[in-house]
Amino acid sequence: MSEPHLIVLFGATGDLAKRKLLPGIMHLLTSGLVPDLRLIGVSTHEYDDETFREFAEQAIREFSKRPVDDPGLRDFLQRLAFVPVSEGPEALAKQAAEYEGELRESHGADPGRLHYLSVPPSAALSVITTLEQAGLVERAKVIMEKPFGTDLESAQQLNAEIHTVLDERQIYRIDHFLGKEAALNILAFRFANGLFEPIWNRNFIDYVQIDVPETLSLEGRAGFYEGTGAFKDMVVTHLFQVMAFMAMEPPTALDSGAIGEEKNKVFRSMLPLDVTKVVRGQYKGYRDEEGVDPASDTETFIALRAEIDNWRWADVPFYLRTGKRMGEGARIISIAFREPPKSMFSADSGIGLAGADHLTFDLADASKMSLSYYGKRPGPGMRLQKLSMQFSTEDTGEADEVLEAYERLIYDATRGERTLFTTAAGIERLWEVSAPLLDNPPPLEFYEPGSYGPDSVQELIAPRRWRLPFERKWRESHTPK
Ligand code: BG6
């Protein structure tokens, strides 16, 4: 359990606060994971405490994944206050002193301080200055949202400026994909079992796909997305981070130092991106969306081949793909095993027809995994078909225990637990390997909404094939919930 906390939420009236942060922080309180808290919302809106509480109530009722308990909600709302940016650091300091006084009185000790910067990067530095002026930096933990810069130079500059006020150990750069239960399951699966780790290398693995198509489009975020695009919004952050979990060496311990070090080694081993192995796409109709430049060059889709040039992964391609307005929403990591060197099965047996054997991780909130393999089709003769062993958290009756990614990460930050947060060095290295693409982006190709990207994504991966859309659906649960 963590200690009582003062939480200052910058960007408190924004989309992320509404969908994830306010419902998530309330859950941390009602579940007792954070024993007591006060929260000060800050944003450019001219709200007062009452209007902010109404906003929070509506957000929680609409977006909480769990049934809302009315007394619990009322109790949470009583702990919220609002300070508009226009009132400056003095007003923030005053409210913080009042709330910290209450927590100190109830618990007899200084509360922890957690500041969540749910603001665009251009605003992050001024928020940090506000915190300094309000005297709220000491003993604080500060969660920062991506993008952490837009290239190597800007990331280095941002980090240098932040470090004039905050110690690196106070900064928690959040990547919510790493807080997903299913992402952590990759670590459990790899390092808690002796079965797969011996074959987790180039001798047995042919290629890896990390495929995150989304059906969503801009969701009212044109201002952010136009200047960002799919590569910076999803690949530099989420997909590369997940790739590091999949590819890293066994850490010496399950702590932030050891895991961070192994992830950074993966990033250091990455080859700079080869722009001839990148497909940039834009869905047809994007330029007509509200807030989008009619001549926009922003990609809403990206697929690329990444390479990790170390002993374990030399010559194993990692194919990454993500985009908006695609045929389905999914978050799949597929690991394809090499085929057997010789086959005694006849060519018409069906061997190889459904691709290589795969281990698949589905990073849905309640994680799923499957292992596909060739087996005998029942009946006479020796005909083969693709079978699969599947696991879904939904089948275990433990699905309600799953913490949403933001809940886990905010909880971890309150405890000073940094394992699932990204480091300045790792991020700077990712910008470094991305430089060829940022400096020389290939021309956009257009794709139909509802598709899986421009046609050339097939060439990118040929002679292999993208696994989505699956030819075979996940099996429905057989276990009553
Ligand atoms: C966010 C991106 O970080 O992740 C969004 O900014 C994207 O564009 C989202 O839709 C996807 O996250 P999740 O958890 O819904 O898959």
Side-chain angles (χ1 to χ4, degrees), residues 11 14-21 23-24 27 59 62-65 116-124 143-150 172-186 209-243 245 280-283 286 289 291-292 296 298-303 320-333 361-368 393 402-410 420-422 427 430 449 453 468:
D15 194 57
L16 185 67
K18 192 162 72 177
R19 286 171 188 276
K20 302 285 185 187
L21 306 179
H27 179 66
E62 187 173 350
F63 293 108
S64 177
K65 293 261 167 66
Y116 198 119
L117 274 51
S118 179
V119 297
S122 53
I143 300 186
M144 296 189 63
E145 275 286 340
K146 51 116 206 214
F148 309 109
T150 49
Y172 292 72
R173 294 178 190 79
I174 197 165
D175 187 307
H176 79 276
F177 266 51
L178 296 185
K180 289 177 187 281
E181 192 81 42
L184 296 177
N185 221 2
I186 299 176
Q209 287 182 23
I210 303 179
D211 202 2
V212 187
E214 297 186 283
T215 52
L216 303 174
S217 54
L218 294 183
E219 313 299 306
R221 299 195 304 157
F224 160 77
Y225 201 81
E226 263 286 272
T228 309
F231 180 70
K232 292 178 190 161
D233 184 35
M234 292 294 285
V235 179
V236 185
T237 48
H238 310 320
L239 273 62
F240 281 159
Q241 294 292 336
V242 168
M243 182 175 90
F245 265 19
R280 280 175 79 238
Q282 190 185 77
Y283 66 79
Y286 173 74
E289 301 266 16
V292 171
S296 173
T298 300
E299 80 280 348
T300 61
F301 171 97
I302 187 121
L320 276 48
R321 171 169 75 168
T322 186
K324 298 288 185 196
R325 292 216 62 187
M326 294 178 61
E328 70 185 289
R331 311 173 193 97
I332 300 292
I333 305 175
F361 294 90
D362 183 327
L363 304 190
D365 283 343
S367 57
K368 292 189 282 193
T393 305
V402 170
L403 278 187
E404 207 275 331
Y406 282 96
E407 292 168 357
R408 176 192 321 284
L409 294 172
I410 295 170
L420 299 175
F421 292 87
T422 57
I427 283 161
L430 287 176
L468 289 177

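Atoms within a ligand are numbered from 1 in the order they appear, just like the ligands themselves. Only heavy atoms go into these numbers, but all of them, side chains included; no hydrogens, no water, no symmetry mates. Index from 1, following the sequence.
The only option from His27, His176, Lys20, Lys65 that meets the side chain to side chain donor-acceptor pair (under 3.5 Å) definition with Glu404 turns out to be Lys20. Among the candidates Lys324, Glu299, Arg325, Glu226, the single residue satisfying the side chain to side chain donor-acceptor pair (under 3.5 Å) test with Tyr286 is Glu226.
Contact annotation: for Tyr225 versus ligand 1, there are no heavy atoms closer than 4.0 Å. In Glu219, neither the side chain nor the backbone holds a heavy atom less than 4.0 Å from any atom of ligand 1.
In this structure, Lys180 forms a cation-pi arrangement with Phe177, its terminal cationic atom sitting closer than 6.0 Å to the ring centre and no more than 45° off the ring axis.
Within ligand 1, the atoms closer than 4.0 Å to a non-hydrogen atom of His238 are 1 (C), 3 (O), 4 (O), numbered from 1 in the order shown. In the vicinity of Lys324, heavy-atom distances shorter than 4.0 Å reach the ligand 1 atoms 5 (C), 7 (C), 8 (O), 10 (O). Residue Lys180 approaches ligand 1 through these ligand atoms, each under 4.0 Å from one of its heavy atoms: 13 (P), 14 (O), 16 (O).
In this structure a side-chain-to-backbone donor-acceptor pair under 3.5 Å is missing from Thr237 to Asp175.
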**Request:** Show your reasoning for whether side chain to side chain contact (heavy atoms under 4.5 Å, CB included) applies to Met234 and Ile302.
**Result:** CA-CA 9 Å; Met234 292 294 285; Ile302 187 121; over 6 Å; no

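Of all protein heavy atoms, the one closest to atom 5 (C) of ligand 1 is Arg221 NH2, 3.1 Å. Distance from atom 6 (O) of ligand 1 to its nearest protein heavy atom, with residue and atom name: Asp233 OD1, 2.5 Å. Residue, atom and distance of the protein heavy atom nearest to atom 12 (O) of ligand 1 are His176 NE2, 3.0 Å. Protein heavy atom closest to atom 15 (O) of ligand 1, with residue, atom name and distance, is Arg331 NH2, 3.5 Å. Ranking protein heavy atoms by distance to atom 7 (C) of ligand 1, first place goes to Glu214 OE2, 3.3 Å.
Of the candidates Lys232, Met234, Lys146, Lys146 brings a heavy atom nearest to atom 3 (O) of ligand 1.
Neither side chain, Glu219 nor Tyr225, offers a donor N or O lying under 3.5 Å from an acceptor on the other.
Ion pairing of Glu181 with Arg408 is present here, as a side-chain N (NZ or NE/NH1/NH2) and a carboxylate O approach within less than 4.0 Å. Lys146 has a carboxylate O that lies under 4.0 Å from a charged side-chain N of Asp233, or vice versa, which qualifies the two as a salt bridge.
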